[in-house]
Protein chains: 2
Amino acid sequence: MVEPLDPEMFDPVCPSSALPVQIGDKWTAMVVLCLEAGPRRFTELKTPLRGVTPKVLTQTLRAMERDGLVTRTAYDENPPRVEYELTPLGRSLLDLVAAARAWSREHLPALLEARAAHDSSPHASRLKRSPDSRA
Amino acid sequence: MVEPLDPEMFDPVCPSSALPVQIGDKWTAMVVLCLEAGPRRFTELKTPLRGVTPKVLTQTLRAMERDGLVTRTAYDENPPRVEYELTPLGRSLLDLVAAARAWSREHLPALLEARAAHDSSPHASRLKRSPDSRA
DNA sequence: GATACTGGTTACCTCAACGATACCGGGATA
DNA sequence: TATCCCGGTATCGTTGAGGTAACCAGTATC
């Protein structure tokens with residue numbers, strides 16, 4: 001079995017709300033990351049995906065299953081056990097996620113800085129006079 | 001001046017609705033692509049972005065300006081002229097867009113095939129018996 | 001009995017993105 | 001006078017992703 005997931009693997013302060021790249025739905029990229037090391041159970045996924053409701057996690061996983069990104073295996077045991085695992089196709093998304101994370105590491109600070117500067121500026125005139133002059 | 005934009009540079013049949021990667025808002029990636037070759041005017045952008053309403057295009061461009069991805073330069077001339085241009089930060093998104101497009105070229109057919117297969121299948125039982133026994 | 005655990009389902013609500021349509025101001029042109 | 005062009009605004013409506021809360025079956029344990 002693989003190691004348990006770090007409940008804090010996703011920084012709640014640096015959410016995808018800021019970065020301009022999204023893979024699939026809101027949680028898809030995080031699910032991919034959670035499944036990188038091996039199959040995981042439903043409740044196992046819920047832990048690091050803090051705040052995700054079972055409904056939304058189910059929706060996400062169903063959509064990923066539909067698209068061939070994960071497989072769902074339910075074992076008729078007691079207590080019930082369901083495992084989700086990345087397919088090779090889903091695994092191919094890891095490169096993309098890595099690219100997005102690389103971009104963020106490199107450029108997100110500049111973006112946030114630009115945003116902060118813009119928000120705090122007194123909205124200077126957006127007009128450039130013709131090359132003559134100005135009063 | 002740069003060459004005019006091809007009004008059909010974006011295939012209306014292969015929209016981003018299918019592919020699981022999104023850069024910024026709905027139109028952001030396309031705007032980046034449109035600005036790749038040089039500055040463009042508002043109406044110039046509207047043409048290849050078929051169907052975008054001026055309101056939404058304005059929203060997109062303002063958001064990109066806020067994030068330091070484009071610069072907006074308005075010339076006080078007649079008729080009015082406004083030019084949008086990629087900043088180096090905006091230009092850095094080109095790599096990401098290229099990565100997303102590469103992934104799509106390589107893997108999107110498999111995803112769509114999986115989706116079609118899933119949608120047309122009679123939803124086989126999602127239950128797997130415990131591995132110990134047989135029937 | 002009562003409660004808890006697993007892997008969900010169902011009904012309802014909210015909010016922001018997106019879109020449709022119409023309109024505007026200021027020249028220049030006819 | 002009227003119309004066109006450009007770069008937008010204003011107002012309205014739709015849509016859907018996502019969230020909240022409650023509930024479920026089956027077993028097991030208290």
Side-chain angles (χ1 to χ4, degrees), chain A residues 12 15-18 20 22-31 34-35 39-47 49-67 70-85 123 125-130, chain B residues 4 10 12 15-18 20 22-31 34-35 39-47 49-67 70-85 123 125-130:
Chain A
S16 45
S17 62
Q22 200 184 336
I23 314 269
D25 284 336
K26 181 176 180 181
W27 303 95
T28 304
M30 286 183 265
V31 169
C34 287
L35 294 179
R40 300 286 182 182
R41 304 176 57 169
F42 189 86
T43 36
E44 217 173 346
L45 290 172
K46 253 198 317 194
T47 307
L49 271 33
R50 277 166 298 186
V52 74
T53 60
K55 176 196 135 184
V56 174
L57 183 53
T58 301
Q59 282 178 353
T60 303
L61 290 168
R62 293 279 193 277
M64 294 176 72
E65 190 191 2
R66 173 174 180 255
D67 286 349
V70 300
T71 55
R72 177 186 188 276
T73 311
Y75 298 92
D76 189 12
E77 301 172 355
N78 178 292
R81 185 163 62 97
V82 179
E83 279 187 351
Y84 295 91
E85 185 170 14
H123 281 275
S125 92
R126 322 177 109 265
L127 206 60
K128 172 180 273 186
R129 298 269 160 201
S130 286
Chain B
F10 298 114
S16 46
S17 62
Q22 201 183 338
I23 315 269
D25 284 335
K26 181 174 179 184
W27 303 95
T28 305
M30 285 183 265
V31 169
C34 286
L35 294 179
R40 301 286 182 182
R41 306 176 58 169
F42 189 85
T43 36
E44 218 174 347
L45 291 172
K46 252 197 319 193
T47 307
L49 270 35
R50 277 166 298 185
V52 75
T53 60
K55 175 194 140 186
V56 174
L57 183 53
T58 300
Q59 282 177 352
T60 302
L61 290 168
R62 292 278 194 277
M64 293 176 72
E65 190 191 3
R66 173 174 180 253
D67 286 348
V70 299
T71 55
R72 177 186 187 276
T73 310
Y75 298 93
D76 189 13
E77 301 173 352
N78 179 293
R81 185 162 63 97
V82 179
E83 280 188 349
Y84 294 92
E85 186 169 12
H123 282 273
S125 94
R126 324 176 108 264
L127 207 60
K128 171 180 275 186
R129 298 271 156 198
S130 287

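Computation of the quantities below employed the complete heavy-atom set of this structure, encompassing side-chain atoms and omitting hydrogens, waters and symmetry-equivalent molecules.
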Inset, instruction - Report the residue (A:Pro79 or A:Thr58) whose heavy-atom-nearest nucleotide on DNA chain C is the more 5′ of the two. - result: A:Pro79
Inset, instruction - Please determine if a side-chain N or O atom of A:Arg41 lies less than 4.0 Å away from the OP1 or OP2 oxygen of C:dC5. - result: no
Inset, instruction - Indicate whether OP1 or OP2 belonging to C:dG8 is found under 4.0 Å from a side-chain N or O atom of A:Tyr84. - result: yes
Legend entry - Interatomic distance where CG belongs to A:Leu61 and C1' belongs to C:dG8 [whole Å]: 11 Å
Inset, instruction - Side chain of A:Arg81 only, please: which of D:dG8, C:dC18, C:dG7 is the nearest? - result: C:dG7
Legend entry - Any B:Lys26 side-chain N or O less than 4.0 Å from OP1/OP2 of C:dG19: yes
Inset, instruction - Assign A:Thr43 to base, sugar-phosphate, or nothing according to its heavy-atom contacts below 4.0 angstrom with the strands shown. - result: sugar-phosphate
Legend entry - Nucleotide nearest B:Thr53 (side chain, heavy atoms from C-beta), chosen from C:dA20, D:dG7, C:dA22: C:dA20
Inset, instruction - Ignoring backbone atoms, test whether A:Arg62 places a side-chain nitrogen or oxygen under 4.0 Å from the OP1 or OP2 oxygen of C:dG8. - result: yes
Inset, instruction - Could you check how far CD of A:Glu83 sits from P of C:dG7, rounded to whole Å? - result: 9 Å
Inset, instruction - Compare the minimum distances between each of D:dG7, C:dA20, C:dA28 and the side chain of B:Lys55, then state the nucleotide with the smallest one. - result: C:dA20
Legend entry - Whole-Å gap separating C1' (C:dG19) and CG (B:Leu49): 14 Å
Legend entry - Closest listed nucleotide, where the reference is the side chain of A:Asn78 and the choices are D:dT20, D:dA28, D:dG18: D:dA28
